[in-house]
Amino acid sequence: MRRLICKRICDYKSFDDEESVDGNRPSSAASAFKVPAPKTSGNPVNSARKPGSAGGPKVGGASKEGGAGAVDEDDFIKAFTDVPSIQIYSSRELEETLNKIREILSDDKHDWDQRANALKKIRSLLVAGAAQYDCFFQHLRLLDGALKLSAKDLRSQVVREACITVAHLSTVLGNKFDHGAEAIVPTLFNLVPNSAKVMATSGCAAIRFIIRHTHVPRLIPLITSNCTSKSVPVRRRSFEFLDLLLQEWQTHSLERHAAVLVETIKKGIHDADAEARVEARKTYMGLRNHFPGEAETLYNSLEPSYQKSLQTYLKSSGSVASLPQSDRSSSSSQESLNRPFSSKWSTANPSTVAGRVSAGSSKASSLPGSLQRSRSDIDVNAAAGAKAHHAAGQSVRSGRLGAGALNPGSYASLEFKAFWESGRTTKLFSV
């Protein structure tokens, strides 16, 4: 029995040794209990993930469309010329190119990338000198609807390119872009309250470029009408644009709409939003530079509280000269009136006091442009008459009443004259 068991053990060991040497001949028992090995890539050196592969970290900066996306005027200026360069050989070729661009931009079913490239191609034509061809302005009129449709696009990249293209057109063409600017500005104002920063800031930047370079009076009602918008961000931006307009434009371009500007600024000073009121106060300085009389009338029509707020803002900004002349005098004299009177005035002779006051007033009036003190809270004549009357009573009771102690023309002198003519003074002066 022992021999049989030892033989079987030896056979088992020999079987294990045979399999361990030749791994290409696995037994049925080993294959039944074999655990499958995990799959690995062919080359372990290349098993590391490549940059840009699926699941791996992406190389390159994030697109502006997905980030904060805020853009400014400097970004616009860089994008003006950051376009593919092309050459214009003839006006016919230019017309064909513009027709293709209008066809792409007028159909929102085209891929958004194609529409963005079509907008860039307009800027390429401007860089190549398309404005020197007469046919360009005719086709530009036909592009108004396409540009408006692009500014309303749901893709922020298309909206951004449309705003940059409009700003470039205004910069290059100036007042010749009047029709296009008038058509696109209402659409740009609709971008201001957009929650996407790239859209909102692009619209604001485009409006600023138009205000700076396209001085067309027809744009003024488009801006002033948005100053009373129900949207608070739109009202804030509208007064900011109005302030820029008053700084950049000439007076002759504003004369036709002076009354509208005055009324709009007045409503802005009374606006329910605090930031909108601050922006409206800024426009007052620009209004006064163009129309001083209308600005002073506007200031005088404000309630005292709003006048004080406007005065405080102008003083803090170092623009006291923008206040009306009457208000500057009253504000400076109020500080002098708040000071206590000197003791010399209380004990001095009333005639001396009146002489000093008259001399001071005549001296102030003789200086041209000087700020005169306001004495509205103190009646100098009444004070002098009261003191003279008091001095006359004291002199009568003491028996030393004289004509020189009275002020000529005062009430006390008239009373003393009646007392003298009555004949009752003989008892007073009898020895």
Side-chain angles (χ1 to χ4, degrees), residues 144 148 166 170 174-193 203-303 305-307 309-311 313-314 317 319 321-324 327:
D144 290 344
K148 290 172 61 177
V166 168
S170 177
N175 289 347
K176 293 182 179 180
F177 187 60
D178 56 347
H179 191 274
E182 187 179 2
I184 196 65
V185 162
T187 306
L188 297 177
F189 267 103
N190 293 334
L191 296 175
V192 173
C204 293
I207 293 175
R208 292 192 190 99
F209 274 100
I210 291 175
I211 291 175
R212 284 195 174 98
H213 300 284
T214 306
H215 301 174
V216 181
R218 294 192 301 272
L219 296 179
I220 297 177
L222 300 179
I223 298 176
T224 55
S225 61
N226 283 279
C227 291
T228 56
S229 172
K230 294 182 180 180
S231 174
V232 176
V234 172
R235 294 203 306 271
R236 294 175 183 173
R237 292 293 187 181
S238 299
F239 283 109
E240 177 187 340
F241 299 147
L242 189 60
D243 181 34
L244 178 63
L245 184 143
L246 291 172
Q247 294 178 17
E248 296 288 337
W249 288 25
Q250 299 294 328
T251 304
H252 65 83
S253 301
L254 308 173
E255 290 176 348
R256 188 184 306 176
H257 300 282
V260 177
L261 293 172
V262 171
E263 187 64 25
T264 302
I265 295 174
K266 184 176 181 180
K267 290 180 180 179
I269 293 176
H270 292 83
D271 197 278
D273 182 65
E275 293 187 22
R277 292 197 299 270
V278 172
E279 296 296 334
R281 294 187 194 111
K282 293 180 182 178
T283 60
Y284 177 83
M285 296 187 294
L287 179 68
R288 185 166 179 81
N289 292 334
H290 291 284
F291 309 104
E294 286 80 354
E296 186 169 357
T297 303
L298 169 61
Y299 182 86
N300 294 330
S301 65
L302 298 175
E303 293 80 358
S305 59
Y306 292 101
Q307 287 183 353
S309 300
L310 180 59
Q311 182 179 353
Y313 170 76
L314 294 175
S317 61
S319 302
S322 296
L323 287 172
D327 185 77

Subject >> side-chain hydrogen bond (donor to acceptor under 3.5 Å, both in side chains) involving Glu182 - partner list, sequence neighbours excluded >> reply: Arg218
**OP:** Evaluate the criterion side chain to side chain contact (heavy atoms under 4.5 Å, CB included) for residue pair Val262 and Phe291; output intermediate values, then yes/no.
**Re:** CA-CA 9 Å; Val262 171; Phe291 309 104; over 6 Å; no
Original post:
Which value, rounded to the nearest 0.5 Å, describes the distance between Phe177 atom CZ and Ile184 atom CD1?
Top reply: 7.0 Å
Name each donor-acceptor pair under 3.5 Å that joins a side chain in residues 239-249 to protein atoms two or more places apart or in another chain, with its distance.
{"unit_1": "Glu240", "atom_1": "OE1", "unit_2": "Arg237", "atom_2": "NH1", "d": "3.1"}
{"unit_1": "Glu240", "atom_1": "OE2", "unit_2": "Arg208", "atom_2": "NE", "d": "3.4"}
{"unit_1": "Glu240", "atom_1": "OE2", "unit_2": "Arg208", "atom_2": "NH2", "d": "3.0"}
{"unit_1": "Asp243", "atom_1": "OD1", "unit_2": "Gln247", "atom_2": "NE2", "d": "3.3"}
{"unit_1": "Asp243", "atom_1": "OD2", "unit_2": "Gln247", "atom_2": "NE2", "d": "3.2"}
{"unit_1": "Trp249", "atom_1": "NE1", "unit_2": "Ile211", "atom_2": "O", "d": "2.8"}

Original post:
Should Thr297 and Glu294 count as side-chain neighbours, where that means a heavy-atom distance under 4.5 Å?
Top reply: no
Original post:
Can you find a pair of side-chain heavy atoms, one from Thr264 and one from Leu261, that are under 4.5 Å apart?
Top reply: no
**OP:** Return the set of residues passing side-chain hydrogen bond (donor to acceptor under 3.5 Å, both in side chains) with Asn175 (not counting sequence neighbours), or none when no residue passes.
**Re:** none
**OP:** Indicate the atoms forming the closest heavy-atom contact of Pro221 with His257, along with that distance.
**Re:** CG-CE1, 3.7 Å
**OP:** Could you tell me which non-hydrogen atom of His213 sits nearest to which non-hydrogen atom of Ser170, and how far apart they are?
**Re:** CB-O, 3.3 Å
Subject >> Close side-chain approach of Lys267 and Cys227, heavy atoms under 4.5 Å >> reply: no
Subject >> Distance (rounded to the nearest 0.5 Å) between Leu287 CG and Lys266 NZ >> reply: 13.0 Å
**OP:** Starting at OG of Ser238, measure out to CD1 of Ile207 and round the result to the nearest 0.5 Å.
**Re:** 7.5 Å
Subject >> Side-chain (Thr283) to main-chain (Ile265) donor-acceptor, under 3.5 angstrom >> reply: no
Original post:
Taking all atoms of both residues into account, what is the closest heavy-atom pair of Ala181 and Ile210, and its distance?
Top reply: CB-CG2, 3.8 Å
Original post:
Nearest 0.5 Å, what's the OG1-NE2 distance between Thr251 and His290?
Top reply: 5.0 Å
**OP:** Please report the closest heavy-atom contact between Glu275 and Arg236, naming both atoms and the distance.
**Re:** OE1-NH1, 3.3 Å
**OP:** State which residues pass ring-ring contact (aromatic ring centres under 6.0 Å, His included) with His270; sequence neighbours excluded, sorted by chain then number.
**Re:** Tyr306
Original post:
Is there side-chain contact between Leu219 and Leu222, with heavy atoms separated by less than 4.5 Å?
Top reply: yes
**OP:** Output the distance between atom CG (Leu310) and atom CG (Leu298), rounded to the nearest 0.5 Å.
**Re:** 8.0 Å
Original post:
Would you say Glu303 has more than 12 foreign heavy atoms packed within less than 6.0 Å of its CD?
Top reply: yes
Subject >> Test side-chain hydrogen bond (donor to acceptor under 3.5 Å, both in side chains) applied to Ser309 - qualifying residues, sequence neighbours left out >> reply: none
Original post:
How long is the span from the CD atom in Glu263 to the OG1 atom in Thr228, to the nearest 0.5 Å?
Top reply: 10.5 Å
**OP:** Could I get the full list of side-chain hydrogen bond (donor to acceptor under 3.5 Å, both in side chains) partners for Arg235, not counting sequence neighbours?
**Re:** Asp271
